[in-house]
Structures are given as C-alpha cells and as structure tokens.
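One structure is given below, encoded as structure tokens.
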Number of protein chains: 2
Amino acid sequence: MPERCPLFAGLSPEQYQSALRLLSAQEKSHARGEILKSAPDPLPAFGLVLEGGVAVSMEDIDGREMLLNHVGPGQTFGEALCYLEETAPLIITAVADSRVLWLRCGGLKTPGNDELRQALRLRFTAMLARRTLRMNDRIQILARGSIREKLNAFLTECVRDAGGLCFSVPFDRAGMAAYLGVDRSALSRELSHMRQEGLLTYHKNTFALQMQLTKGG
Amino acid sequence: MPERCPLFAGLSPEQYQSALRLLSAQEKSHARGEILKSAPDPLPAFGLVLEGGVAVSMEDIDGREMLLNHVGPGQTFGEALCYLEETAPLIITAVADSRVLWLRCGGLKTPGNDELRQALRLRFTAMLARRTLRMNDRIQILARGSIREKLNAFLTECVRDAGGLCFSVPFDRAGMAAYLGVDRSALSRELSHMRQEGLLTYHKNTFALQMQLTKGG
DNA sequence: ATATGCCTGTTGCAATTGCAACAATTATGG
DNA sequence: CCATAATTGTTGCAATTGCAACAGGCATAT
C-alpha cells in the first residue's frame with residue numbers, strides 16, 4: 001500500500017525496507033476520534049495514512065476548530081511541521097479507524113550520501129512542492145465569493161481527481177461546509193438548488209455531475 | 001540583500017558566489033506591470049525579489065485573475081512550480097519596478113555531494129516547508145465567515161510579522177480585498193466601522209491597531 | 001422492534017455582503 | 001500649476017448567507 005505514496009513509489013522491496021529503516025518507520029493503529037496531535041504539541045514524525053482517514057485542522061484564534069485538510073490512504077500529513085521541527089497550532093484527528101505509518105525526517109537531514117537517501121530527499125522535497133500547488137487550488141476555491149462558485153470550483157477539482165463525473169468526497173456535510181468555509185445549512189440549500197436545476201445528483205457523500213459545470217472543460 | 005533570504009543566510013561570500021553559480025543565478029530588472037509569467041507558460045527558474053514587489057495570481061476557471069500571494073524583497077516565488085518542472089495556470093506580475101534574482105533548481109537535483117549543494121538542498125526544502133505553514137494561515141483567514149473576522153485574522157498576522165501594532169501592507173485596497181476574498185467597497189465599509197469603533201486607525205496602506213483585536217494576545 | 005443518536009434537508013428571518021454608481025481624495029504627467 | 005487618472009470612501013438596494021429551530025431519514029445498539 002505505501003507504494004501509492006510518491007515517497008516510495010517504484011522502489012524495489014529491498015530499497016523500500018532500507019527506506020523504512022532510514023525514516024525510523026513505525027506503524028500504528030488509531031481509533032476513530034483519536035487525537036494524533038493536539039494544538040500545542042510538536043510533531044516528531046509525519047504520517048502516511050495506510051488505511052482510514054485523518055483530518056488536519058487548526059485552532060482558530062477564538063478557539064474554534066477549522067478544517068484544513070483531509071488525508072486519505074496513500075497521502076501524508078505533517079511533513080512541513082516535522083521537517084522544520086517547529087510547533088504550530090495544528091490538530092490532527094483520526095476520522096475513521098486508521099493505520100498510520102509514522103516517519104521521521106531526521107534521516108533525510110543528516111549528511112549521508114548513499115543513493116537511497118538522496119532519492120528520498122528529492123522525493124520528499126517534491127512532495128512538499130506538490131502540496132504547495134494543491135494548496136493554491138484550495139486557496140482559489142476559498143477566495144471565491146458565493147457558495148455556488150465555491151461548489152463549482154470544488155466539484156470541478158473532485159472531477160479532475162476522480163477522472164470522472166461520479167465521485168465520493170471524504171466529508172459529511174458539516175465537514176464539507178467547514179472545508180469550503182460556509183454554513184452547513186446554506187450548503188445544503190445550494191446543493192438542493194443545483195440539483196433542481198439539473199446540474200448534479202447526490203446521495204450522502206457521493207456526487208454525480210450531469211455535465212461540466214464550467215466552460216472550457 | 002539576498003542574505004535576507006533563508007536560502008543564502010549565513011553563507012560566506014565565497015560560498016554565496018558558488019551558490020549563485022550552482023543555481024545559474026541571473027539578475028533581471030522588471031518594470032511595474034511587466035508580466036513575468038503568464039498563465040500557460042512554464043517557469044524555468046524561480047525568483048528571489050531583491051527590490052520592488054511581485055504578485056502571484058491564478059487564472060480563475062472563469063478567466064478572472066485571483067490574487068494568491070504578494071512577494072516582497074528577500075522573499076521568493078515559484079519554487080514549487082520550478083522544482084517540479086510542471087505547468088500551472090499561475091500569473092506572475094511585477095507590481096512595482098523590481099529587481100529579481102532568477103534561480104534554477106537543476107543544480108539541486110543533480111547527484112553532486114559537495115557540502116554547499118547539500119546545504120542548499122536542505123534550505124530549499126525548508127523554504128517549501130515554511131511556505132506550506134504560511135499557506136495554512138492564509139487558508140485559515142479565508143475560511144472565516146465574515147469580513148470582520150477575516151480582517152481580524154489578517155491584521156493579527158500582520159502584527160505578528162511586523163512585531164508591532166503599526167505596519168504597512170503591500171496592497172492597495174483592491175489588492176487587499178482580492179487577498180481576503182471580499183468585495184472592495186465592503187472592505188472599505190468594514191474598515192470604516194472598525195475605525196469608528198476605535199479598534200484601529202489607517203491611512204492608505206498603513207495601519208495602526210489600537211490594541212489587540214483578539215483575546216489571548 | 002424500539003429507542004437513541006447522528007446526519008441531512010427545509011425554512012423564516014435578520015444581518016451581512018456584493019454590486020453599482022458616484023463623490024472625494026490623492027497621485028501622475030505635462 | 002493644471003489636467004487627468006487612479007485610488008479610496010460612501011451609500012442605497014437587492015441578493016446571498018448565516019443562524020436557529022425543527023423534521024425526516026438512516027444507522028446502531030439493546
């Protein structure tokens with residue numbers, strides 16, 4: 001399963017085992033609802049989700065919790081924080097019973113020159129770069145004015161990721177609303193309107209777009 | 001001046017010269033309004049702003065331009081895109097007469113093991129990691145509901161960066177509105193209200209907070 | 001089967017916001 | 001110094017949105 005992570009993709013079994021050693025890998029199980037990191041904690045290792053799902057949120061200045069990202073199988077969380085060995089008021093929670101492979105950055109930073117270490121360094125940096133680009137997309141969604149526009153942008157991105165007009169989102173309505181930065185009931189309302197207009201159908205967290213919502217698809 | 005960039009901070013003059021060579025550094029001047037990269041272009045080098053300022057925006061699905069970031073002296077732009085050698089619909093514009101040091105990632109990715117190269121790799125990765133954390137803050141601002149809340153969060157961050165209650169922002173009102181994802185006139189209105197309430201004073205792009213806007217300062 | 005709790009949809013209402021148009025103020029260029 | 005452009009502030013109005021409260025559906029546990 002970890003081969004799905006770009007950090008390990010394409011490694012031979014021996015290389016993979018060496019990589020695990022280099023990164024002090026430790027697999028752990030976490031029950032749904034378990035807090036993997038609370039706001040003031042540091043993060044000694046970053047996580048690769050093997051199974052289940054994890055939410056990254058941030059403690060609001062007013063103490064409320066604000067959803068930053070959902071991390072599914074094959075995806076990672078906390079690399080930036082772990083690499084910098086800094087603290088940030090991030091909260092990480094298991095949103096489903098999950099297995100997580102915990103990895104340490106230390107081995108990437110020590111001076112060794114072996115081929116594997118160099119490859120992992122490149123891959124790690126590429127992961128961060130890719131995350132940066134994805135966050136640009138997220139910002140673009142949030143900066144839009146209306147709920148309709150946010151939904152268009154969000155669903156379009158889902159279509160792109162899924163490679164088809166039918167897909168599931170890893171959120172319930174409340175989570176989706178938090179992710180888009182809108183009120184939950186207002187989101188339900190807008191989704192209803194869009195369904196009435198024949199733009200899409202949905203059931204729970206599964207959506208099916210009837211056509212491209214945006215021009216230039 | 002480039003010493004202000006974490007990529008070069010603390011290097012000896014000789015190391016610095018070697019680093020410039022390694023990164024194929026080229027300094028260029030750009031007039032205000034010049035487009036450094038339009039939406040479909042690739043980005044063969046990333047930029048370190050020496051003087052002036054640069055705006056990174058993104059082509060909206062509807063073709064409108066959406067402000068993602070402002071880059072001031074000592075800061076960099078385009079590292080992620082350049083490192084991945086991918087294309088993304090980012091638009092980069094000089095918002096003032098500027099001098100930019102253009103740097104290439106190639107030298108970081110080739111296998112060499114010399115000390116300087118390793119140091120630059122570490123620093124480059126750290127830069128990306130830091131950017132990731134800053135983008136989290138930005139997302140947190142944008143995800144807030146009301147203009148008042150966005151302003152509180154934005155101004156609080158400015159105070160933190162400036163280290164004092166008085167600071168300038170690198171935007172005019174229109175840019176600030178775009179950065180916060182709100183209407184320009186609505187932003188002016190809200191700022192007026194806050195001034196009337198005695199929370200702050202401002203003139204053009206200079207602000208002075210009267211006190212911490214948020215509890216727990 | 002029934003009860004309980006969680007998630008989702010609905011709706012009225014008040015407040016906020018975007019929009020547009022215009023006034024006022026400040027830069028810019030000749 | 002004047003003319004012109006650019007930026008900022010103001011305001012009325014309509015539309016969107018958040019809020020709150022509630023109803024129905026679905027799942028789980030007993």
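Since we're looking at a predicted model, the values are computed, not measured.
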Starting at [atom1] of [X], measure out to [atom2] of [Y] and round the result to the nearest 0.5 Å.
X	Y	atom1	atom2	answer
B:Met127	B:Tyr83	CE	OH	12.5 Å
A:Leu101	A:Thr76	CG	OG1	11.0 Å
A:Glu79	A:Phe124	CD	CZ	6.0 Å

| Using a cut-off of 4.0 Å between protein heavy atoms and nucleotide atoms, how would you tag nucleotides 20-30 of chain C 5' to 3' with B, S and -? | B------S---
| SB check A:Asp161 A:Arg134 (cutoff 4.0 Å) |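 Here A:Asp161 pairs with A:Arg134 in a salt bridge, since their nearest N and O are under 4.0 Å apart.
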When the distance from [atom1] of [X] to [atom2] of [N] is rounded to whole Å, what number comes out?
X	N	atom1	atom2	answer
B:Lys150	C:dG18	NZ	P	7 Å
B:Leu187	C:dT17	CG	P	11 Å
A:Glu149	C:dG18	CD	C1'	11 Å
B:Met194	D:dG9	CE	P	14 Å
B:Leu180	C:dT17	CG	P	12 Å
B:Arg173	D:dG9	CZ	C1'	9 Å
A:Arg144	D:dT17	CZ	C1'	18 Å

| request: Locate the shortest heavy-atom distance separating A:Leu142 from A:Gly181; write the atom from each residue and the value. | output: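 Closest approach of A:Leu142 to A:Gly181, heavy atoms only: CD2-N, 4.1 Å.
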| message | So which atom in A:Arg99 and which in A:Ser29 form the shortest heavy-atom distance, rounded to 0.1 Å? | response |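 In terms of heavy atoms, the two residues are closest at CG-OG, 3.6 Å.
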| said: Please determine whether the number of non-hydrogen atoms from other residues, nucleotides or ligands lying under 6.0 Å from atom CD of B:Gln26 exceeds 12. | reply: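 Atom CD in B:Gln26 is not crowded, with 12 or fewer foreign heavy atoms closer than 6.0 Å.
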| Atom CZ of A:Arg160: over 12 foreign heavy atoms under 6.0 Å |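 Buried by this count: over 12 neighbours within 6.0 Å.
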| task | Verify whether the ring centers belonging to A:Phe154 and A:Phe207 lie closer than 6.0 Å. | result |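 No, ring centres 6.0 Å or more apart.
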| request: Determine: side-chain N/O of A:Arg189 to OP1/OP2 of C:dT11, distance under 4.0 Å, yes or no. | output: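 For A:Arg189, the contact criterion (side-chain N or O under 4.0 Å from OP1 or OP2 of C:dT11) is not met.
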| task | Would you mind classifying the nucleic acid contact of A:Ser192 as base, sugar-phosphate or nothing, using non-hydrogen atoms under 4.0 angstrom? | result |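 Sugar-phosphate only.
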| said: Using a 4.0 Å heavy-atom cut-off, does B:Tyr202 contact any base of the nucleic acid, only the sugar-phosphate backbone, or nothing at all? | reply: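 Sugar-phosphate, backbone atoms only, no base.
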| request: Cation-pi check, A:Arg138 to A:Tyr179: give yes when NZ or CZ is under 6.0 Å from the six-membered ring centre and within 45° of the ring axis, no otherwise. | output: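 Here A:Arg138 passes the 6.0 Å and 45° test against A:Tyr179.
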| message | So if I take the C1' atoms of five pairs at each end of the helix from C:dA1-D:dT30 to C:dG30-D:dC1 and get each local axis, what angle do the two axes make, rounded to 10 degrees? | response |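 The two end axes of the helix from C:dA1-D:dT30 to C:dG30-D:dC1 meet at 50°.
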| query | Judged by modelled atom types alone, do B:Gln140 and B:Arg144 share a side-chain donor-acceptor pair under 3.5 Å? | reply |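 Judged by distance alone, the side chains do pair up.
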Taking only nitrogen or oxygen atoms into account, show me every contact under 3.5 Å that the protein makes with nucleotides 14-16 of chain C, one pair per line with its distance.
none

